Amino acid sequence: MATDAQHLSEVLQTGNEATLDVGGVSLAVTSLDKPLWPHRTKRDLLLYLLAVSQSILPHLRSRPLTMVRLPSGLGGKKFVQRHWDHKPPEFVRTAEIYTQDRRRAETYLICDNLATLLWLGQNACLELHTWYSRVDAEGYGTNFSESLESVEASALEYPDFMVFDLDPGDTVRATGDKSLTRESFSRLVGVAKALRERLAVAGLNSLIKTSGKSGLHMIVPIERKYPFGWVRTIAEEFARSLVAENPNIVTVETSIAERGERVYIDYGQNARGKSLACVYSPRAVPGATVSFPIEWDRLDAVFPTDFDMSNVPKLLEQQVDKWKGLPSERQALPPIPS
DNA sequence: GCTGTCT
DNA sequence: AGACAGCAACGCCAA
DNA sequence: TTGGCG
Ligand SMILES: [Mn+2]
Ligand SMILES: [Mn+2]
């Protein structure tokens, strides 16, 4: 039975299955040789999650999860899962959260510890997406399950980030190849910088990461006191101001057909129940690329495929978490008009 | 990947 | 015992 | 109320 990370790593190296002792709890892992990505197996996923656990766990903590699962890898069925209907292991933290559609509470998973992280890997969660609000009370209500009113009055209605999901527009190319071009990404970077400047003028510091696919995610840490509706209103103002300035390059148009080559700023992500790929989460794409934080002055020098499951653990050896301390950073937004 | 059901 | 089927979002907004 | 959207 393995105990520390070094030993866990050694145990995961060989055999098609193993029983891990993760901080005192027993966790069975199976099908370690099953390919989940081209040239990458479930063993590679578990070793990756173990290697980045110190980096990713602080960002997963207390946040309801949305999982992208591919039990048979990229060649098999893919599904998004937000609820867990059966009883998860004891060590997995959960929250019962009311959902509008089903008119009842569902069980959401929260990844608060290494055992849960590895268990998610065993369950072929190739992507881990998190909410922007947390279940921690800190003065707010924690009745998430009773009714729509109760969850709207709860801590989950108060995000600690404002987010901007920046997606590249269609790239017009004769070949029909839909992969991201340097030109398209460079246009995206330009929009991100312009948005950063807008935010800075308003006194707001922002951080940026690759989504792990083609886009960028901008994060503005905020005081945990504005309901999603207000955060969305502010995000929309910033997004529309960029569109007004550069209507040929930026759009907030929801219709895909209308967007064309323009960069899409999705401010609508600022809503309860929505999620973005967590920083350091792998993505279910052939290259096994990873969502990775970028320093603003490095943005021109990088490309999303620079960060994948193979090299990210190495990059993190220099600095365990590029966004260390982010969970406690807070900025004020304009007040809500009364 | 897991669970419950059918043969 | 083994095969197999079923299963696994949700909130916003414009129309 | 529905359908598109991410
Ligand atoms: Mn995106
Ligand atoms: Mn998007």
Side-chain angles (χ1 to χ4, degrees), chain A residues 16-17 27-36 41-42 45-46 64-89 92 94-95 97-109 116 118-133 144 148-149 151-152 154 156-157 159 163-170 211-218 227-236 239-240 251-259 262-277 283-284 291:
Chain A
N16 193 44
E17 42 186 75
L27 174 67
V29 292
T30 59
S31 305
L32 296 176
D33 291 317
K34 179 187 273 193
L36 295 181
T41 61
K42 190 197 267 185
L45 173 60
L46 290 168
L65 276 177
T66 299
M67 297 152 279
V68 178
R69 299 185 57 197
L70 297 89
S72 300
L74 266 61
K77 265 189 282 190
K78 164 179 174 173
F79 54 91
V80 176
Q81 187 167 358
R82 312 166 60 101
H83 311 153
W84 203 267
D85 283 346
H86 306 287
K87 192 174 155 44
V92 178
T94 60
I97 304 173
Y98 184 91
T99 67
Q100 174 83 289
D101 254 27
R102 303 182 175 213
R103 294 195 170 73
R104 62 184 171 92
E106 293 285 345
T107 303
Y108 282 72
L109 303 183
T116 301
L118 296 177
W119 176 77
L120 290 167
Q122 160 62 19
N123 282 282
C125 300
L126 272 62
E127 302 187 1
L128 301 174
H129 298 229
T130 48
W131 289 27
Y132 325 122
S133 53
F144 310 128
L148 184 61
E149 290 69 33
V151 70
E152 280 178 346
S154 79
L156 286 176
E157 189 62 18
V163 301
F164 295 92
D165 174 27
L166 275 56
D167 297 332
D170 283 338
S211 74
K213 289 189 169 175
S214 307
L216 292 169
H217 295 160
M218 280 178 68
F228 271 112
W230 182 244
V231 176
R232 189 166 58 249
T233 297
I234 300 301
E236 179 176 2
R240 288 193 188 277
T251 182
V252 292
E253 178 60 59
T254 54
S255 160
I256 293 171
E258 297 296 317
R259 286 182 209 155
R262 292 175 291 180
V263 170
Y264 177 50
I265 303 183
D266 186 359
Y267 62 83
Q269 285 288 330
N270 294 284
R272 177 170 41 81
K274 301 244 182 206
S275 60
L276 287 179
R283 303 304 300 271
S291 178

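Everything quoted here is computed from the prediction, not taken from an experiment. Computed over heavy atoms, backbone and side chain alike; hydrogens, waters and symmetry mates excluded. Labels below follow one simple rule: chain letters A, B, ... track the order of the sequence lines, proteins then strands, and each chain is numbered from 1.
- If you take NE2 of A:H129 and C1' of C:dA9, they are 12 Å apart, rounded to a whole angstrom.
- Between the CH2 atom of A:W84 and the P atom of C:dC7 there is a distance of 17 Å, rounded to whole Å.
- With sequence neighbours left out, A:K87 forms a salt bridge (Lys or Arg N to Asp or Glu O under 4.0 Å) with A:E90.
- Residues A:E258 and A:T251 are not in side-chain contact: their nearest non-hydrogen atoms beyond the backbone lie 4.5 Å or more apart.
- If you take CD of A:Q81 and P of B:dC2, they are 11 Å apart, rounded to a whole angstrom.
- Contact annotation: A:K34 reaches the phosphate of B:dG1 (side-chain N/O to OP1 or OP2, under 4.0 Å).
- Contact annotation: the side chain of A:L65 approaches that of A:T130 to within less than 4.5 Å [non-hydrogen atoms, C-beta and beyond].
- Per the geometry, CD belonging to A:E17 stands 11 Å off P belonging to B:dC2, to the nearest Å.
- The nearest whole Å value for the distance from the CG atom in A:L109 to the P atom in B:dG1 is 17 Å.
- Comparing the P positions of B:dG1 and C:dG11 gives a spacing of 29 Å, expressed to the nearest Å.
- Note: CE (A:M67) to C1' (B:dG1) measures 12 Å, nearest angstrom.
- Side chains of A:W131 and A:T66 form a contact here, defined as non-hydrogen atoms less than 4.5 Å apart.
- Look at CZ on A:F79: it is 13 Å from P on C:dC7, rounded to the nearest Å.
- At a threshold of 4.0 angstrom between heavy atoms, the contacts of A:Y98 with the nucleic acid are absent.
- In terms of the side chain to side chain contact (heavy atoms under 4.5 Å, CB included) criterion, residue partners of A:P227 (sequence neighbours excluded) are, by chain and number, A:E157, A:Y158, A:W230, A:I336.
- Here A:R232 reaches the OP1 or OP2 of C:dC13: one of its side-chain N or O atoms lies under 4.0 Å away.
- Contact annotation for A:K78: no contact, since no heavy-atom pair falls under 4.0 Å across all strands.
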Give every pair of a protein N or O atom and an N or O atom of nucleotides 4-6 of chain D that lie under 3.5 Å apart, one pair per line with the distance.
residue, atom, partner, partner atom, Å
D:dC5, O3', A:R259, NH2, 3.2
D:dG6, OP1, A:R259, NH1, 2.4
D:dG6, OP1, A:R259, NH2, 2.6
D:dG6, O3', A:D165, OD2, 3.2
D:dG6, O3', A:D266, OD2, 3.2
D:dG6, O3', A:Q269, NE2, 3.3
D:dG6, N2, A:K274, NZ, 2.7

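- Side chains of A:E236 and A:T233 form no contact here, defined as non-hydrogen atoms less than 4.5 Å apart.
- Contact check for A:K274 versus A:Y132: side-chain heavy atoms found under the 4.5 Å cut-off.
- Here the separation of D:dG4 from C:dA9, taken at their C1' atoms, is 15 Å to the nearest Å.
- In this structure, the CD atom of A:E236 is 13 Å from the P atom of C:dC12, given to the nearest Å.
- You'll find that the side chain of A:H86 is closest to B:dT3, out of C:dC7, B:dG1, B:dT3.
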